[in-house]
Amino acid sequence: MSLRSLQALCLTSFFIADVRDGLGPFLGIFLTERHWQPDEVGFLMTAGGIAGLLATLPAGFITDTSKNKRALLAVLCVMITVSTLLIWFSQGDGIAAFSQIISGVCAAFVGPLITGITLGLTGQNGFSAQMGKNEAFNHAGNFLTALIGGGIAWYWGIGGIFLLMACTTVLTLCALFAIRNKDIDNNAARGLASSENQPIPSFSILTKNTALLVTGLTLLLFHLANAALLPMLSMRNAGISGAMNPGLYAAITVIISQAVMIPVALWVALRIERHGYWRLIMLALLLMPVRAAMAAATDTPLMMVPVQILDGVAAGILGVAVPGFIVKLLQGSGHVNAGQSVVMLMQGAGASLSPALTGTIAGHYSFSTAFSVLSVIALAALLVWWRYADLLMTYSAASPVKVGTD
């Protein structure tokens, strides 16, 4: 593997953090300041989530078949940035919906492409270690841009976040094209050990894999509980008279969680061999119901500190453990990236519904009630993962496993 390409991949992960998520938690604040209601923001975010959801499976299959993943990722980054900038110029319903739909579709490709490029550069043996580095750099990028974004929002207003995103897009493209395309083994990138080209197998190899579907269902419930928590925390703060500056509040929430994710991602990459994927993912699932219950307990701004620390631990674990687990499940299938997309599709279903569900409950009842419901959903995810412990732990071992259909 090429050291230069791996270093460039780390830098790509660093800069793309701000590009992939668009405005992130700043979107709700930007629109709230322009008189959008919580349920309206929730449904807008859901529209983008659904668009991304529909693009998820094609993204995995296209990644498996693509011979130039680097160029494809570059085009998508530009499209995300241009579509997001549209909201800066117009906050009309049609423009906002179009922007979020385009961003959602393009963002659906980023995860499979980064995974495919990583696996193509490292192969199976070096994948988890490199994913740990990717995630650490990604969280460091989120941390830095949130820090800068918070300062921009405080000094110039939320509009400055759009300029920050444009700058990080340029830097992402520079890092991305420093990766040598010839260093990416496209067969290894889809989970094949042989250097010979092989046809893309039937999709049924994925639908028959119970362990893969259980993983997807668990993450669907997890993200149904998780996705709306941070933006709704920021919106609750924005609606409190005399509360902390909304843009600064949103930036601090991101900074706290991203600062925690960096060491956690590196720690997980080193501990997978000892603890296995199932136990590490179980730990992340345990934290979500606690986090939502804490958010429901009080609206004091200081509560977001422990809430976001727990978010950082859970996200840091899942960001490394889940892709590695899926690679283990599907090694040799030729459909690793499509398998990643199946799980992303299911967790995306939860994430896309989360803002609408939480926004509706908050609009008709209260934010506290909405967060309590999220805690119950998170418990359901935990129970599903526990129910299939025997099956999942079979694949959780550090040694390579045979792709199964049970």
Side-chain angles (χ1 to χ4, degrees), residues 17-18 21 23-30 32 38 135-136 138-155 158 161 222-223 225-268 283-320 351 354-355 358-359 362 366-379 382:
D18 187 51
D21 297 331
L23 294 182
F26 295 104
L27 175 62
I29 298 170
F30 181 76
T32 298
E135 287 296 301
N138 186 266
H139 298 318
N142 269 320
F143 177 90
L144 182 61
T145 54
L147 188 65
I148 296 172
I152 289 174
W154 175 73
Y155 191 78
I158 294 294
I161 303 298
F222 177 87
H223 285 279
N226 178 71
L229 187 55
L230 176 54
M232 290 298 166
L233 276 175
S234 298
M235 290 176 64
R236 180 172 69 177
N237 177 77
I240 299 174
S241 177
M244 184 187 303
N245 176 277
L248 183 60
Y249 180 91
I252 291 174
T253 59
V254 175
I255 288 169
I256 292 171
S257 59
Q258 297 299 327
V260 174
M261 290 177 201
I262 297 169
V264 170
L266 294 172
W267 178 86
V268 170
L283 175 59
L285 297 175
L286 281 166
L287 299 177
M288 184 60 215
V290 177
R291 180 175 174 242
M294 291 172 65
T298 177
D299 62 1
T300 178
L302 288 177
M303 181 53 71
M304 58 97 165
V305 176
V307 167
Q308 289 306 99
I309 288 175
L310 293 181
D311 177 48
V313 175
I317 293 171
L318 295 178
V320 178
S354 184
T358 312
S366 67
F367 281 106
S368 179
T369 302
F371 295 145
S372 297
V373 172
L374 298 185
S375 182
V376 174
I377 296 171
L379 284 172
L382 185 63

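Just so it is clear, the structure is predicted and the values come from calculations on it, not from any experiment.
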- Query: Which residues pass the side chain to side chain donor-acceptor pair (under 3.5 Å) test with His223, sequence neighbours left out?
  - Reply: none
- Query: Stepwise, does the side-chain contact (heavy atoms from CB on, under 4.5 Å) test hold for Phe222 with Leu382?
  - Reply: CA-CA 8 Å; Phe222 177 87; Leu382 185 63; over 6 Å; no
I need the [X] [atom1] to [Y] [atom2] distance, nearest 0.5 Å.
X: Leu318; Y: Glu135; atom1: CG; atom2: CD; answer: 9.5 Å
X: Asp311; Y: Asn226; atom1: CG; atom2: CG; answer: 5.5 Å
X: Leu283; Y: Ile317; atom1: CG; atom2: CD1; answer: 4.0 Å

- Message: With salt bridge (charged side-chain N to carboxylate O under 4.0 Å, His left out) as the rule and sequence neighbours excluded, what pairs involving residues 256-266 come up?
- Response: none
- All heavy atoms of Gly316 vs all of Val268, minimum pair found to be O-CG2, 4.3 Å
- Shortest non-hydrogen contact from Ala314 to Leu287? N-CD1, 3.9 Å
Partner set under side chain to side chain contact (heavy atoms under 4.5 Å, CB included) for [X], not counting sequence neighbours:
X: Ala296; result: Ser368, Phe371, Ser372
X: Leu144; result: Phe14, Ile148
X: Val376; result: none

- Message: Donor-acceptor check, side chain of Arg291 to backbone of Leu310, threshold 3.5 angstrom: yes or no?
- Response: no
Donor-acceptor list for residues 255-265 side chains, cut-off 3.5 Å, not counting sequence neighbours:
residue	atom	partner	partner atom	Å
Ser257	OG	Thr253	O	3.3
Ser257	OG	Val254	O	3.1
Gln258	OE1	His139	ND1	3.0

